[in-house]
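Notes follow once the structure below has been shown.
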Amino acid sequence: MKIGIPRAGYYFRFGKLWKKFFENLGYEVIVSPKTNREIYELGMENAGSEFCQPIKVLTGHVLWLKEKVDYIFVPDFLGGEKTFCCGYFRGCSDLMRSLSASEKILTMELNMNKVSKEEFLKVAKILGKNGEKAFDKIDWKEEDRLEEVLNSKKKKIAIVGEPYVLNDDFCNNGVIKLLEENGYEVVKSDIVPFSKIKKNTKDYIIHWTEEKESFGSLIEFFNEDRIDGVVYICPFNCGPDFLVGEIILDKYKGVKPILRLNVDETLSETRTAIRVEAFLDIL
Amino acid sequence: MKVSYFTLGNIHIAMKGLFSDLGIKTIEPKKITKTMYEYGIIHSPENACYPFKMLLGQYKDALDRGADTIFFMDSHKAFGCRLHQYVEGAKSILKKQGYDVRFIGEGGYFGKDYLFKVGKEVNPLLTKYQYLKALVLWLYKMKAIEELEVIASDVRVFEKKKGESVKLLEAGLDIISKVKNLLQLKKANDKIKKMANSVEKVKKNPLKILVLGDLYTVLEHEANKNIVPKLNDMGVQVIKPYRFNEELRSNSILKTRGKHSFEYKEKLAKPYLKRELGAGAFRAIGDCLKNIEKVDGVIQLFGFSCMPEIVNNSILIEICKKYKKPFQSLSIGEHDSDSSYFTKLEAFVDILKERKCI
């Protein structure tokens, strides 16, 4: 039996964990390839026009997997500590079921800050197996790579956004590639450890998990001397990022050069490139 | 202290009653106009949603007229929705524009004592009994107003002489606004029913359309561009299951029970959606499944970029396909024009008429 995992959404954070779990259970795991034209267009055609770009891309991945596997693993992300995830990810499995018209969706409830064993056992139960051993065999912990990246000798630019935007070239319009080509070290916000995010955001009232991460890592980068500039990237119509500009970016105005990019499918790569190059000239 | 609040359909009449019962001075909010909306569009962040922009304009207008406090019930239960940031967002934006504003009612749909504390500040003699009495009357007044709106919209479809329903609505609101206690409210309700029955009616078999969508856009007449009277004039009976008073009562002992209860609706919705996404989206699916057999079509209304409703959109399409009912979603925002909105609406009603051979 084959289990498919779409390489989109929070795969970039939890992917290794899921993959190992299903492999330990004895299944063949198929991870969809990096987003390409075919997958991208599949998503654009089938998802409703008002979704944000990352959800459209996720739909494309699910549809790509649909005929190739027996189950597609799409968890629901409920939230983290006292925070809630965005509505799309909270209802992710139901959304994907209705968009792809497929009953193959395998789902679980996932907490963003704590990996709970019980939920994994429930998934194993649906598949008719005991997941106890398979779960115990995984050694999974978040590595703290922030210091290592910050100590590199190149000029550093921090880029803040959700993991599924930062790690997918179609979702970020190739911004990261462009920065790297220009000889900069790119510090992605998804390597900022949760303890630091928690410390930075304790004075703010925050309800979204994604917002908390953006807030926390933006403050971290603004206070970090080794960073030369900050790029803040968010998909068009993103709910959790609704007040980031209003509260954080305005509070830290003038501390560091900042480029704010709103990306969606109508924005061409050339236009992004022009804005990024203009920003690099300022630096 | 002068408090201003929001409009939502006609329930601001009940709000006025509540504050006068508590002894708090109010500045009445005005109907949302284009100028207010444009203020909201200019000053709110790009990713803000439609209701936020409208409310921001309305607050600013009230602040200009002398209010210093805004009553707004945001909900910390609105899981995947922007609603829970409305207060912080509006506060920081208005502050930048130079307004010194205080928000009350933050953090909860009913059940907390926010208003009691506020009332006590202004009126030290206020007792808990008076406070609870005022709250209960407020909730039931709201219920009466929302029922009156339904009655008036039904009368509008069947009335023989045009304009009777508008008179009925105005007279009814006038009666309810003068009510001082629950007994009078009951009498007022009976009177309204009698008035509605005395209107001369024509017999016909109208189309029935179910209207669903996000809390604000469905309930606020200015936000949905008066869709209900428009549909009534086309000869359509509108079924709008969403009630704001039920939402407010849901956490207290006054909550609705039986087949109207939230639990029942949520049970119906479970196979399609597993959990609440915010702003009543979960229950909207329950409402849809409950009513879909008896209607001819479904309309979904939502502000552009409303996340729970966009998820609902694809699920409602799935349900409507299963029950073979036509479905139309209308998203409203600064990008669209009145004419495109009404053209879509008229085309949809035409299709339904063809199907039913009217």
Side-chain angles (χ1 to χ4, degrees), chain A residues 46-52 55-56 59 75-79 82-101 103 105 107-109 204-211 234-251 253 260 262 264, chain B residues 43-49 52 74-93 95-96 106-107 269-279 281-282 285 302-319 321-322 329 331 333 335:
Chain A
N46 289 289
S49 59
E50 292 205 11
F51 286 106
C52 66
I55 290 291
K56 287 179 186 169
T59 316
D76 290 336
F77 301 90
L78 299 197
K82 289 182 197 160
T83 53
F84 303 112
C85 273
C86 136
Y88 298 150
F89 280 105
R90 277 180 71 82
C92 203
S93 61
D94 290 307
L95 184 59
M96 287 305 140
R97 191 206 61 229
S98 84
L99 285 179
S100 66
E103 293 299 322
I105 305 288
T107 184
M108 69 181 272
E109 290 176 4
Y204 298 92
I205 310 166
I206 293 174
H207 303 283
W208 305 92
T209 317
E210 293 92 340
E211 189 194 13
C234 95
F236 177 64
N237 256 339
C238 185
D241 285 342
F242 148 48
L243 284 180
V244 172
E246 201 52 52
I247 294 177
I248 293 293
L249 297 190
D250 279 7
K251 193 178 169 190
K253 221 175 203 172
R260 204 178 159 191
N262 264 27
D264 70 355
Chain B
H43 293 285
S44 46
E46 192 181 9
N47 288 341
C49 54
F52 182 81
D74 74 337
S75 166
H76 287 182
K77 288 196 309 172
F79 307 109
C81 165
R82 292 177 180 91
L83 179 64
H84 49 42
Q85 285 178 309
Y86 274 26
V87 167
E88 285 140 56
K91 217 191 257 173
S92 81
I93 292 166
K95 210 174 170 187
K96 259 179 231 164
E106 190 178 343
K270 262 275 144 69
Y272 292 91
L273 187 65
K274 286 190 201 65
R275 60 188 67 80
E276 175 65 286
L277 302 177
F282 192 26
I285 290 177
F302 58 97
F304 177 66
S305 86
C306 175
M307 302 194 302
E309 288 303 323
I310 295 172
V311 176
N312 257 9
N313 185 335
S314 44
I315 291 166
L316 288 175
I317 290 174
E318 194 188 341
I319 294 171
K321 255 186 202 160
K322 198 176 158 192
S329 77
S331 95
H335 62 284

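In what follows, chains carry the letters A, B, and so on, assigned in the order in which the sequence lines appear, proteins first and then strands, with residues in each chain numbered from 1.
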Within the 4.5 Å heavy-atom criterion, are [X] and [Y] side-chain neighbours or not?
X: A/Asp264; Y: A/Asn237; answer: no
X: B/Met307; Y: A/Pro240; answer: yes
X: B/Arg82; Y: B/Phe52; answer: no

Is the backbone of B/His43 close enough, under 3.5 Å, to the side chain of B/Lys96 for a donor and an acceptor to pair up by distance?
-> no
Is it true that a side-chain atom of A/Asp94 and a backbone atom of B/Lys274 form a donor plus acceptor pair closer than 3.5 Å?
->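 Such a contact is found between A/Asp94 side chain and B/Lys274 backbone.
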Looking at A/Ile55, A/Val244, A/Asp250, which has the largest count of heavy-atom pairs under 4.5 Å with chain B?
-> A/Asp250
Test applied, ring-ring contact (aromatic ring centres under 6.0 Å, His included); reference residue, A/Phe89; option that passes from A/Phe51, A/Trp208, A/Phe77 |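 Option passing the ring-ring contact (aromatic ring centres under 6.0 Å, His included) with A/Phe89: A/Phe77.
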Heavy-atom contact with chain B under 4.5 Å, split by part of [X]:
X: A/Thr83; value: neither
X: A/Cys52; value: neither
X: A/Cys238; value: both

One option among B/Ala48, B/Ala281, B/Pro308, B/Ser44 has the most heavy-atom pairs under 4.5 Å with chain A, and it is B/Ala48
With only heavy atoms counted, which part of B/Tyr272 is less than 4.5 Å from chain A, the side chain, the backbone, both or neither?
-> both
Chain A heavy atoms under 4.5 Å from B/Phe302: which part of the residue, side chain, backbone, both or neither?
->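 Contact with chain A is through the side chain of B/Phe302 alone.
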